[in-house]
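Data first, discussion second: the structure below is written as structure tokens.
Because only heavy atoms are used, hydrogens play no part in the values below, and waters and symmetry mates are left out as well, while side chains stay in. In what follows, chains carry the letters A, B, and so on, assigned in the order in which the sequence lines appear, proteins first and then strands, with residues in each chain numbered from 1. Model, not experiment: these values are computed from the prediction.
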Protein chains: 2
Amino acid sequence: MPVHHWAEALEDLVHGLVELDFPWVTGQNLVPGGKQLRVHGDPSLSVRCPVYPTGTASIPENDTVKSQAATRLLSWAEPTDGGSMARTSTRASGRATIAHVAAEAGVSRATVSRVMNGLSTVDPAIGERVRAAAAKLSYSPSTVARSLAIGRTQTVAIVVPDLANPMFQETLRGLSRAAAREGYRVLVADSVENPAEEVILAREARRRCDGLVLVAPRMDGAQLEELLPDLAPVVLVNRTTGIPGVPVLAVDYASGIRAMVAHLAQLGHRRIAYVAGPSASAGDRARREGLAHPLPEAAGAEVVVIPCGAMFEDGHSVREEVLRSGVTAAVCFNDVVAMGLLGALHEAGVAVPEQLSVTGFDDIAFARYTSPALTTASVPQTRLGEQAWDRLFALLDGQAPPPDVDINPRLEPRASSGPAPALPSRAFPDAPHRTRHT
Amino acid sequence: MPVHHWAEALEDLVHGLVELDFPWVTGQNLVPGGKQLRVHGDPSLSVRCPVYPTGTASIPENDTVKSQAATRLLSWAEPTDGGSMARTSTRASGRATIAHVAAEAGVSRATVSRVMNGLSTVDPAIGERVRAAAAKLSYSPSTVARSLAIGRTQTVAIVVPDLANPMFQETLRGLSRAAAREGYRVLVADSVENPAEEVILAREARRRCDGLVLVAPRMDGAQLEELLPDLAPVVLVNRTTGIPGVPVLAVDYASGIRAMVAHLAQLGHRRIAYVAGPSASAGDRARREGLAHPLPEAAGAEVVVIPCGAMFEDGHSVREEVLRSGVTAAVCFNDVVAMGLLGALHEAGVAVPEQLSVTGFDDIAFARYTSPALTTASVPQTRLGEQAWDRLFALLDGQAPPPDVDINPRLEPRASSGPAPALPSRAFPDAPHRTRHT
DNA sequence: TTGTACGCGTTATCAA
DNA sequence: TTGATAACGCGTACAA
């Protein structure tokens, strides 16, 4: 009979029948809390006697207890709750631990661990008993304890500058779904476009996880290089860096914007606006550099830069400035800005692309469904998230990551870009508004 | 001199100068790994001597070592790497732990913990020493170990059916930003519209976190009720349940869709299409119920249901069916579907709202910027995420959560809905397409 | 104020 | 095969 009910065990103990020789109760099956076994005359010798949910008790097998065996037992100190049930716990959690399952099944914790993880071979009968015990107590292992023990969290983090931006959402989605296939989860950290916060956030997020995907287009370069070594394993998206061992997924914004301008030039546009992004953004810098070195096909086309931003509102608010500038086409920083501008033009009755061509960048899912459908440069954002995962996983797995990729945005000509009008749009400052019904 | 270089300590040991009385080295400052201190003639007495990154050594202060003091020392067993540096570790991690910092600063781990957490009062000089040591070793506490010790992860999870849907993205964003303000992070789990996966995913995600926000519009009701108790603390979004203690954030889709139909009826529409969502969706059921009990203002308007879906493509593909149905207005399941339909109508040259009014639902950020701007029913999705956090945090904090909310979508009349045409759109099956330039 | 010792719930190593 | 025990890294009563 390997397991005693605690009352039996106490009885045995009191009557000196077993002399604290319990091969079936070992130190490792202890449960937090439990009852107090007190020794008459010497309170310092009292010892906690853990009691399992099943009602079986564990008597610590050590010298203190053995010395108690030579003494008379006084009483069980009843727990304050009355102790009608044998179930006790100092923590409020109430969740079953591996120790509970071990006690219930009458085996060691190690065996429970083996059964749960199905690693080593276990006696089928024992395995069944353990599984039954686990089911009965509805046990599920603590991921935290597991992570501490094995040194992995099975979680990666992604730091994005703005969760409201569809582009980063797509990256997150690609990462999340790819990581899920490998049993990893994703923690998101949204820096809310605050580069200062970003550094702290990245450090903090990294500490909770096994790896990090960093999307930080606004972060200062020097700061980034200082930060990256502490973040490894880390994958950098939309930025380049000189730090070795950091896979980089770069988008060639320069060539993308060049192709866009060339596209418009070939449609006859000679004066084109670049509706710029946030000045601190690495992506904006890259686009400007691209504009500084146009393709041969774009020869003769002049580009005027109009400062703007990255959001809907920015694009929406820049309409008048674009119209005043006397351009026949507006190349926007991204699709979101382009959509804002498109909306504003629609409200003003400016026909796109008849009077003004408008293009975006990124090819977010919505770009295909604007009216007119938005000409843009396609950046496979979801794929970017997947590729980030491929590299991060390789790093986590001790493999060499796939080579860095330099994504070349693909031009997506749609309905929002058309032949340049004979006269630029400023010739129609008072063009009749289309009827609106509200 | 409280700290010895390990070579010094060894020397002292060999020469019997210190007799293993190192008050500055205690058992608790051990570092994993380290060198082997061997006792001549009795290998069983050998003991591991941890060595700190700083080059100081720790000699375990126990009986085994004391007995060794009575013996001659033979040698340091050199680690296989040659051991030129004193830095050793069995784990590859290389990250500094609290023990390293304690050794470096010459204090106990408890003191380091106190300094790092700024809880108890510490001697300013010691505090400074600890901070310097931490900075030198670029120490940052292990969140995992911390979580295990305090029983909290400072992380919550959100399970969403589809990360590609802007609505859930907004909820995630609201949750993430609100949680961040309280120092919590968010783990995302994307069930990829798979209700079966959802149950497992929710359980799994919950185990890693302190709480859960569940957005599961497609999950079977019975299954949900069985699942919820295991998930507590949990907040349910967009669903109702009878389980007590589970805060619910419900959106009153029924009244929202009623208001929408009434809006169109007042614009003179007499035959209206409901472009339906996924049939398994609780949100679609609610909308249909709303349609079954129209408002008085909508009297005389007939609603035909056209099965569709929840995505762009669904809306895009349903154009012909809508046109054939002879309606003058299409009430779409959500904004995404409406945008798909809007794009398809634009391609076909059908004027919105002159020939056909189109409305959406949710008021995603893009709805304001479609052309024409989309009439929709506004569901404050970001706010929903924030409210979910308020309730989850209250639960985590042991407070009573704020009362359940029943969000009433607010009608947002924009340009995509207008007076009913004299003739329904099917009268213009071959309406001239607007010129497109590509 | 500082240090000791133990608990948190696992996994992993080794001996039986 | 199974069990005992030491990590894993940190927080925290309690003692000094």
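Comparing atom distances between the B:Ala110 side chain and each of D:dC10, C:dT4, D:dT1 picks out C:dT4 as nearest. Picking from D:dA13, D:dC10, C:dG9 the nucleotide with the shortest atom distance to the side chain of B:Tyr139 gives D:dC10. When each of C:dG3, D:dG3, C:dT11 is scored by its nearest atom to the side-chain atoms of A:Arg109, the top-ranked nucleotide is C:dT11. Of all nucleotides listed (D:dT2, C:dG9, C:dT4), D:dT2 comes nearest to the side chain of A:Arg114. Picking from C:dG3, D:dC10, C:dA12 the nucleotide with the shortest atom distance to the side chain of B:Arg146 gives D:dC10. With distances taken from any side-chain atom of B:Ile98 to the nucleotides D:dC8, D:dT2, D:dG11, the minimum falls on D:dG11. For A:Ala145, the side-chain atoms get nearest to C:dG9 when compared with the rest of C:dG9, D:dG9, C:dT4.
Neither OP1 nor OP2 of C:dG9 sits under 4.0 Å from any side-chain N or O of A:Ser142. Of the side-chain N and O atoms in A:Thr111, one or more sit less than 4.0 angstrom from OP1 or OP2 of D:dG3. Regarding contacts with the backbone of C:dG9, every side-chain N or O of A:Thr97 stays at 4.0 angstrom or more from both OP1 and OP2.
Here the side chain of A:Ser147 pairs a donor or acceptor atom with the backbone of A:Thr143 at under 3.5 angstrom. Counting only distance, with no hydrogens or angles, the side chain of B:Thr155 and the backbone of B:Val186 share no donor-acceptor pair below 3.5 Å.
Within the model, atoms CG of B:Asp210 and CZ of B:Phe393 stand 11.0 Å from one another, a figure rounded to the nearest 0.5 Å.
At a cut-off of 3.5 angstrom, the base of D:dG11 holds no donor-acceptor pair with the side chain of B:Arg152.
The environment of CD in A:Glu226 is sparse: at most 12 heavy-atom neighbours from other residues, nucleotides or ligands sit within 6.0 Å.
Counting non-hydrogen atoms under 4.0 angstrom, B:Ser113 reaches a base of the nucleic acid.
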For a quick test of your reading: what N or O donor-acceptor pairs under 3.5 Å do the side chains of residues 128-135 of chain A make, sequence neighbours left out?
unit_1   : atom_1 : unit_2   : atom_2 : d
A:Arg129 : NE     : A:Ala105 : O      : 2.9
A:Arg129 : NH2    : A:Ala105 : O      : 3.0

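For the helix from C:dT1-D:dA16 to C:dA16-D:dT1, the angle separating the two terminal helix axes comes to 40°, with each axis derived from five pairs and the value rounded to 10°.
With respect to the salt-bridge test (charged N to carboxylate O, under 4.0 angstrom), the residues A:Asp230 and A:Arg206 do not qualify.
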